[in-house]
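First comes the structure, then the notes that go with it.
Atoms within a ligand are numbered from 1 in the order they appear, just like the ligands themselves.
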Amino acid sequence: MRLADATWTDVRDADVDVAFVPVGSTEQHGPHAPLGTDTLDAVAVAEAGAAAYEAAGEPSADADAAGEAAVAPPIPVGVAEEHRAFDGTMWVSPDTFRAYVREAAESLPAHGIDRIIFANGHGGNVAALAEVARQFSRDDAHDGYAVAFTWFEAVGEHAGDMGHAGPLETALLRATNPALVREDRIGAAREGAADRWGEWVSGVNLAHDSDEFTDNGVVGDPSAGDAERGEELLDLASDALAELAAAVVERESV
Ligand SMILES: [Zn+2]
C-alpha cells in the first residue's frame, strides 16, 4: 500500500504490519543522473520491498495472518551539504533532519503502525537515521520500534562498487527510471569521475566536500551499470528489505 495514494478509510481497514519510509536526498549525481536519484532509488527499493514482503508472508504465522507493508511518502531533502558546490543540491542540518524524520515517523504509531523501517538511499543520511531509529525505539510514549536500512549496503558483492552516481546508482535508475538517465553524457561522466570517494590518510577522510576529489561529482564508472545489473540490485535490495521487515515485525518491542 502506497500511503499517499490510499484513503484514511483504506488505512483504517488495512492490516499494516510495517511501514517503509523512503529517505532520499536532492543532490548532484554527476552530469548524467538527476538530482533526485537517491529519492527515486529509495522509493523503488521500498515499493519492491513491500511487494516482496507481502508475497512472502509472515514466516512463522499461517499465510492468512500476513499483513501489508505500507510505503510512506519519501523524505526528499537530507544531510547533503557535502555536495554544496554543485548546482541544485539541497540540504538540511543533521539536527533538523533527525527532528523532522523522527516526528514524521511518530505519527504512525497513533494508527497502530508501530514497526518502521527507514529505507534510505543516501550515504550522508546513514548516521542520522541510525540515531533516529534508536530514539524512536526508546521512546516510552509509544510501543514503536524502528531500524534504518540503506539499499546499497544490502546488495552483496556489488556493494564495493558503490561510488557516487557510479555503476550501482546509475544501474538502478536505468532499471526503474530510465528516461531520467542522460545516456549521451555517460562518456563525459566517466571521464570526469574520481576512482574513489574521499581523500584518505590514516583512516581519516581529509575532504569534507565532494568537489575536493571529484570534478564533475561522479565517483566510479557509470557505464559499468546497465539495466540488467539494476534489476539484480533491485531484487537483492528488496529481498533484503523484506527479510528485515519480517524480523522487525516478529521482534518484541524494546
Ligand atoms: Zn546517490
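- Remark: the backbone N or O of E199 is paired with a side-chain donor or acceptor of N205 at under 3.5 angstrom.
- None of the N, O or S atoms belonging to H122 lies under 2.8 Å away from the Zn ion (ligand 1).
- Here the shortest heavy-atom pairing between R196 and F213 reads O-CD1, 3.9 Å.
- Between the Zn ion (ligand 1) and D41 there is no N/O/S contact shorter than 2.8 Å.
- Side-chain atoms of D215 never come within 3.5 Å of backbone atoms of G192 as a donor-acceptor pair (strictly under, hydrogens ignored).
- Using modelled atom types, no side-chain atom of W197 and backbone atom of A194 make a donor-acceptor pair closer than 3.5 Å.
- When rounded to 10 degrees, the angle formed at the Zn ion (ligand 1) by OD1 (D38) and OE2 (E169) equals 90°.
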